[in-house]
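This report refers to the structure that appears directly beneath it.
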Amino acid sequence: MNLSNKRAWLLAAVSAALIAGYLLYPEHRQHLFGLVPYAFLFACPLLHFFHGSHHHGQHRQSGEERP
């Protein structure tokens with residue numbers, strides 16, 4: 001296998017991560033599932049921050065059309 005190009009390195013890294021995840025999952029699943037509520041709490045402010053840039057309710061000029 002020629003590991004000189006970027007795609008080959010990416011494939012090797014993804015493969016190694018999948019194998020490590022498969023081997024570590026049974027031992028650490030309680031820790032992972034214990035973090036799920038905190039992931040939702042962390043995602044809420046991020047969604048509000050990144051989704052708030054759509055300028056809802058912004059005043060338009062009289063000649064502009066609504067999309």
Same apolar cluster: Phe40 and Leu47, side chain cutoff 4.5 Å: no

For Pro37 and Gly34, which heavy atoms make the closest approach, and how far apart are they? CD-O, 3.5 Å

Kindly compute the distance separating CG (Leu41) from CG (Leu35), expressed to the nearest 0.5 Å. 11.5 Å

Going from CG on Leu23 to CG on Leu18, what distance comes out if it is rounded to the nearest 0.5 angstrom? 11.0 Å

Does one hydrophobic cluster hold both Val14 and Tyr22, with members joined at side-chain heavy-atom distances below 4.5 Å? no

